[in-house]
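Letters A, B, ... are given to chains in the order of the sequence lines, protein chains preceding strands, and every chain is numbered from 1.
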Protein chains: 2
Amino acid sequence: MSKNETKSDQHKERILNISREMFAQNGYEATTTRMINQAAGTAEGLMYYYFPHGKHEILDTIVHQGIINRVSELQAEFSECSTKTDLEEELMLMFDNIWQVFQDEENYQSFVITIHERTLLSNDQADWLLQVLEGLVDEIAKQLKAAPVLQSRPDSQFGPLARVIVSIFQKVIYDELLIKNNRQLTQQMRDQIKPQLSVVL
Amino acid sequence: MSKNETKSDQHKERILNISREMFAQNGYEATTTRMINQAAGTAEGLMYYYFPHGKHEILDTIVHQGIINRVSELQAEFSECSTKTDLEEELMLMFDNIWQVFQDEENYQSFVITIHERTLLSNDQADWLLQVLEGLVDEIAKQLKAAPVLQSRPDSQFGPLARVIVSIFQKVIYDELLIKNNRQLTQQMRDQIKPQLSVVL
DNA sequence: GTCTATAAACCGATAGAC
DNA sequence: GTCTATCGGTTTATAGAC
């Protein structure tokens with residue numbers, strides 16, 4: 001938060017960053033406090049000074065700093081899309097931006113941890129993921145409504161349509177990040193999304 | 001496989017079933033071999049008779065028996081859908097059937113374990129999930145092509161359209177099973193899917 | 001705030017009797 | 001095949017010096 005961090009705050013953040021990295025890579029249970037302390041270069045006892053409740057408090061802190069902020073900053077601008085092709089390209093651009101969010105290590109790790117360690121979290125802790133997705137649906141719906149090329153559509157269609165588009169994006173992202181374990185945006189992925197957008201618009 | 005199981009085979013399956021249950025509920029690392037043996041009612045050493053490579057071999061065996069068989073049995077029949085409403089209802093029925101697959105404890109647990117313990121698995125081990133989804137896309141595409149109400153559409157649209165439909169289903173299932181931790185099929189879910197199908201068909 | 005040393009419990013795996 | 005007993009190593013967490 002504050003710009004002029006004390007040395008101690010740096011230690012705390014070091015522990016958090018290392019932990020986030022290791023939790024995402026090897027899982028929460030498989031990551032020992034020793035591994036964290038060693039990688040962070042801090043002594044055994046120090047961790048319990050910053051996180052009195054131990055290892056689980058580190059996990060809670062990490063999850064609490066989800067990527068909700070950055071994704072909610074995602075904005076679209078379809079108000080100048082006068083043709084279907086324009087709109088498709090604008091939506092592809094939006095997918096690229098969403099994908100880009102996960103290129104940020106911290107965002108990617110928070111996401112993976114929330115999914116993988118779901119059984120250790122409360123419903124509230126996992127909820128930020130749904131909030132991000134709902135926010136995305138709302139933003140896309142709003143922008144679709146402003147797109148000139150879609151003016152002939154009844155108002156009731158924009159909500160479901162936005163949800164379909166998010167579903168298309170979400171499937172690709174989950175398939176790649178969670179199952180294939182791939183973080184590289186390939187042309188193959190874009191070639192698969194584009195005809196789907198084309199068929200629903 | 002064989003109908004007349006020996007007593008020993010029962011022991012092996014007991015260990016597998018208990019493990020699958022506990023891995024899904026508490027995670028692989030958090031589940032100790034002692035917990036498994038105690039719940040299965042078998043002695044400490046016996047586990048290593050059936051699984052000489054230890055705990056990880058149990059995980060491998062569980063993942064190897066994924067739900068690939070049952071989901072691939074899912075079939076649709078759209079050849080008598082002469083109106084859009086018919087087709088929508090048939091697709092909703094198909095969603096119900098997919099959801100039903102995860103009501104089977106073994107299927108649900110295999111799914112959750114494959115996602116949560118992804119870091120412990122090879123690409124090949126996680127791949128069965130993608131195969132199931134691809135099989136579903138193919139099946140739906142084939143059936144859409146046979147639907148009378150869609151005969152006016154160009155052939156090239158059926159593939160992308162089927163993929164969109166699977167995306168819609170997959171988003172709901174992942175959101176509910178992986179994030180909300182909900183296994184109950186609610187009317188709210190169906191009310192959300194239906195207008196999406198309506199807008200893409 | 002940061003360190004070292006260690007407690008107390010637990011882990012996966014094995015040895016060997018029956 | 002199934003059991004009991006236990007090894008060697010590791011875990012989270014704490015106590016207490018500086």
Side-chain angles (χ1 to χ4, degrees), chain A residues 1-63 113 116-117 119-121, chain B residues 1-64 113 116-117 119-121 125:
Chain A
M1 315 298 178
S2 146
K3 227 27 176 214
N4 46 351
E5 292 162 338
T6 67
K7 183 116 180 197
S8 63
D9 285 337
Q10 283 180 25
H11 262 157
K12 185 171 182 178
E13 274 190 36
R14 254 189 98 70
I15 294 176
L16 278 175
N17 287 332
I18 296 281
S19 298
R20 188 186 302 109
E21 202 174 307
M22 289 186 157
F23 289 170
Q25 188 134 66
N26 307 115
Y28 171 81
E29 301 280 0
T31 304
T32 69
T33 54
R34 262 193 241 302
M35 290 164 63
I36 296 171
N37 292 323
Q38 186 173 6
T42 53
E44 286 298 311
L46 190 57
M47 200 193 94
Y48 291 92
Y49 174 78
Y50 290 111
F51 304 95
H53 300 295
K55 193 180 164 188
H56 199 97
E57 190 178 354
I58 298 181
L59 176 64
D60 289 338
T61 307
I62 289 172
V63 172
I113 292 170
H116 286 173
E117 314 302 341
T119 54
L120 299 176
L121 305 178
Chain B
M1 315 299 177
S2 147
K3 235 7 183 232
N4 45 354
E5 292 163 338
T6 68
K7 185 116 179 195
S8 63
D9 285 336
Q10 284 180 24
H11 263 158
K12 185 171 182 177
E13 275 190 35
R14 254 188 97 69
I15 293 175
L16 278 175
N17 288 331
I18 296 280
S19 298
R20 190 186 301 109
E21 203 173 308
M22 289 185 156
F23 290 169
Q25 188 134 70
N26 308 114
Y28 172 80
E29 302 280 1
T31 304
T32 69
T33 54
R34 275 199 213 337
M35 289 164 62
I36 296 171
N37 292 324
Q38 186 174 6
T42 52
E44 286 298 311
L46 190 57
M47 201 193 93
Y48 292 91
Y49 174 78
Y50 290 111
F51 303 96
H53 299 295
K55 194 180 163 188
H56 199 97
E57 190 178 352
I58 299 180
L59 177 64
D60 289 339
T61 308
I62 288 172
V63 172
H64 187 254
I113 292 170
H116 287 171
E117 314 302 339
T119 55
L120 299 175
L121 306 177
Q125 284 180 304

Query raised in the report: Given side chains that start at C-beta, do those of A:Arg20 and A:Asn17 come closer than 4.5 Å, heavy atoms only?
Result: yes
Query raised in the report: Which residues satisfy the side-chain hydrogen bond (donor to acceptor under 3.5 Å, both in side chains) test with B:Asn26, sequence neighbours excluded?
Result: none
Query raised in the report: Between D:dT12 atom P and A:Ile58 atom CD1, what is the distance in whole Å?
Result: 10 Å
**Report entry** Gap between atoms CD1 and P, on B:Ile36 and C:dA13 respectively (whole Å)
**Finding:** 10 Å
Query raised in the report: CG of B:Asp9 versus C1' of D:dG1: gap in Å, rounded?
Result: 12 Å
**Report entry** Under-4.0 Å side-chain N/O to phosphate OP1/OP2 contact, B:His11 with D:dT2
**Finding:** yes
Report summary line: Output for pair (A:Gln38 CD, A:Met35 CE), nearest 0.5 Å, gives 9.0 Å
Query raised in the report: Any side-chain heavy-atom pair from B:Ile18 and B:Met22 closer than 4.5 angstrom?
Result: yes
Query raised in the report: Is B:Leu120 close to B:Glu29 at the side-chain level, that is, under 4.5 Å between some pair of heavy atoms?
Result: yes
Requested in this report: Sugar-phosphate atoms are those with a prime plus P, OP1 and OP2; base atoms are the rest. Using that split, label each nucleotide of nucleotides 13-18 of chain D B, S or - for protein heavy atoms under 4.0 Å, 5' to 3'.
Outcome: BB----
Requested in this report: Using the six-membered ring of B:Tyr49, assess whether NZ or CZ of B:Lys12 lies under 6.0 Å from its centre and within 45 degrees of the ring axis.
Outcome: no
Query raised in the report: Under the ring-ring contact (aromatic ring centres under 6.0 Å, His included) test, which residues partner B:Tyr28, sequence neighbours left out?
Result: B:Phe23, B:His56
Requested in this report: Could you name each residue pair satisfying salt bridge (charged side-chain N to carboxylate O under 4.0 Å, His left out) that touches residues 54-64 of chain B, not counting sequence neighbours?
Outcome: none
**Report entry** Whole-Å distance separating the OH atom of A:Tyr49 from the C1' atom of C:dT2
**Finding:** 10 Å
Query - Residue pair A:Thr119 / B:Ala24: nearest heavy atoms and the distance that separates them - result: CG2-O, 3.9 Å
Report summary line: When rounded to whole Å, the CG to C1' distance for the pair A:Asn37 and C:dT4 reads 13 Å
Requested in this report: Specify the separation, in whole Å, of atom CD of A:Glu29 and atom P of C:dC11.
Outcome: 11 Å
Report summary line: In whole angstroms, the gap separating P of C:dG12 from CD of B:Glu57 amounts to 15 Å
Requested in this report: Find which nucleotide of DNA chain D each of B:Ala43 and A:Thr32 is nearest to by heavy atoms, and output the residue with the more 5' nucleotide.
Outcome: B:Ala43
Report task. For B:Phe51 and D:dG1, give me the distance from atom CZ to atom P, rounded to whole Å. Result -> 14 Å
**Report entry** Within residues 20-27 of chain B: residues closer than 4.0 Å to DNA chain C (heavy atoms)
**Finding:** none
Counting only pairs under 3.5 Å, give me each side-chain donor-acceptor contact of residues 41-48 of chain B, with atom names and distances, residues two or more places apart or in other chains.
from	atom 1	to	atom 2	distance (Å)
B:Glu44	OE1	B:Arg34	NH1	3.4

Query raised in the report: Are B:Leu59 and B:Ile113 close enough that some pair of their side-chain heavy atoms sits under 4.5 Å apart?
Result: yes
Report task. Give me the bend of the helix from C:dG1-D:dC18 to C:dC18-D:dG1, using the axes of the five pairs at each end, rounded to 10°. Result -> 0°
